[in-house]
Amino acid sequence: QVQLVESGGGLVQAGGSLRLSCAASGLTFSSYAMGWFRQAPGKEREFVAAINWSGAVVFHADSVKGRFTISRDNAKNTVYLEMYRVKPEDTAVYYCAARLDKVRASYYVQITYDYWGQGTQVTVSS
């Protein structure tokens, strides 16, 4: 049974930093690309960042580029999202997702992801 469990969310002041983690189990982690998505209240879920199986290829949404960094540790079956200089508009539930790395489609496309976590709330106060 595949499980993705996010952690590290919470309340942070604008300009602060936070690190989210997503621990995976029940799958061969190094065979999967990983993504982070978020959903703000009243909005659709959107792409935040993605990383290929080895960590050599990463993508970040324009809205977070230069402030957020995705990384992974295959030895720990964990993917991270380091968030710096956070803004109130970063407030959302953050989800990690996994898809087979061999899938040839944009990382932005949510339907290409096979597994999703339950999400972790990030709230940025102004």
Side-chain angles (χ1 to χ4, degrees):
Q1 180 182 354
V2 175
Q3 281 193 312
L4 302 178
V5 180
E6 301 97 336
S7 61
L11 177 64
V12 60
Q13 285 191 330
S17 61
L18 209 61
R19 188 175 83 158
L20 305 184
S21 300
C22 171
S25 61
L27 51 70
T28 304
F29 188 67
S30 59
S31 295
Y32 284 78
M34 300 297 295
W36 284 98
F37 294 80
R38 67 186 182 186
Q39 186 167 22
K43 295 189 176 181
E44 293 188 351
R45 190 166 57 189
E46 65 175 4
F47 171 80
V48 175
I51 188 166
N52 80 324
W53 75 274
S54 68
V57 179
V58 298
F59 291 96
H60 298 84
D62 288 344
S63 59
V64 306
K65 202 170 292 183
R67 299 188 300 119
F68 292 8
T69 301
I70 189 171
S71 63
R72 66 189 294 160
D73 185 337
N74 286 349
K76 295 182 178 180
N77 285 8
T78 301
V79 62
Y80 304 98
L81 184 69
E82 294 188 79
M83 306 166 63
Y84 299 101
R85 301 190 301 281
V86 296
K87 305 175 181 180
E89 51 263 44
D90 294 321
T91 294
V93 177
Y94 284 72
Y95 300 91
C96 70
R99 77 178 199 190
L100 286 171
D101 193 74
K102 64 182 179 182
V103 171
R104 290 296 174 257
S106 169
Y107 286 114
Y108 292 77
V109 181
Q110 299 183 38
I111 198 172
T112 64
Y113 289 81
D114 302 302
Y115 305 105
W116 292 82
Q118 292 300 306
T120 186
Q121 175 71 47
V122 173
T123 302
V124 182
S125 63
S126 57

Please examine the side chains of [Y] and [X], heavy atoms only from C-beta on, and report whether any two atoms are closer than 4.5 Å.
X: Met34; Y: Leu4; answer: yes
X: Ser71; Y: Val79; answer: no
X: Val109; Y: Phe47; answer: no
X: Val57; Y: Ile51; answer: no
X: Trp36; Y: Cys22; answer: yes
X: Tyr32; Y: Asp101; answer: no
X: Thr123; Y: Val12; answer: no
X: Val86; Y: Gln13; answer: no

Between [X] and [Y], what is the shortest heavy-atom contact and its length?
X: Ala14; Y: Pro88; value: CB-CD, 4.1 Å
X: Phe29; Y: Asp73; value: CE2-O, 4.0 Å
X: Arg85; Y: Gly66; value: NH2-O, 2.5 Å
X: Phe37; Y: Tyr108; value: CE2-O, 4.0 Å
X: Gly35; Y: Tyr113; value: N-CE2, 3.8 Å

Query raised in the report: Any side-chain donor paired with an acceptor under 3.5 Å for Tyr84 and Arg67?
Result: no

**Report entry** Distance-only donor-acceptor check, side chains Glu82 and Tyr80, under 3.5 Å
**Finding:** no

Residue [X] excluded, over 12 heavy atoms near [atom1] under 6.0 Å:
X: Lys76; atom1: NZ; value: no
X: Gln39; atom1: CD; value: yes
X: Gln118; atom1: CD; value: no
X: Trp116; atom1: CH2; value: yes

Report task. Kindly confirm or rule out a cation-pi arrangement of Arg38 over Tyr94, judged by NZ or CZ under 6.0 Å from the six-membered ring centre and within 45° of its axis? Result -> no

Query raised in the report: Taking the six-membered ring of Tyr95 as reference, does the NZ or CZ atom of Arg45 fall below 6.0 Å from its centre and within a 45° cone about the axis?
Result: yes

Query raised in the report: When rounded to the nearest 0.5 angstrom, what distance separates CD in Gln110 from CZ in Arg99?
Result: 11.5 Å

**Report entry** Derivation and outcome, side chain to side chain contact (heavy atoms under 4.5 Å, CB included), residues Met83 and Leu20
**Finding:** CA-CA 8 Å; Met83 306 166 63; Leu20 305 184; 3.8 Å; yes

Query raised in the report: Short question: side chain of Ser54, backbone of Ala56 - any donor-acceptor pair under 3.5 Å?
Result: yes

Requested in this report: Using modelled atom types only, decide if a donor and an acceptor are shared between the side chain of Asn52 and the backbone of Val58 within a distance under 3.5 Å.
Outcome: no

Query - Hphob cluster co-occupancy, Val124 + Val64, side-chain heavy atoms under 4.5 angstrom - result: yes

Requested in this report: Tell me whether Leu100 is reachable from Val2 by hopping between hydrophobic residues (I, L, V, M, F, W, Y) whose side-chain heavy atoms are closer than 4.5 Å.
Outcome: yes

Requested in this report: Assess whether side chain to side chain contact (heavy atoms under 4.5 Å, CB included) is satisfied between His60 and Val48, documenting all intermediate values.
Outcome: CA-CA 6 Å; His60 298 84; Val48 175; over 6 Å; no

Query raised in the report: Looking at Thr91, Val93, Leu18, which one forms a side-chain contact (heavy atoms from CB on, under 4.5 Å) with Val122?
Result: Leu18

**Report entry** Ion pair Asp62/Lys65, N-O distance below 4.0 Å
**Finding:** yes

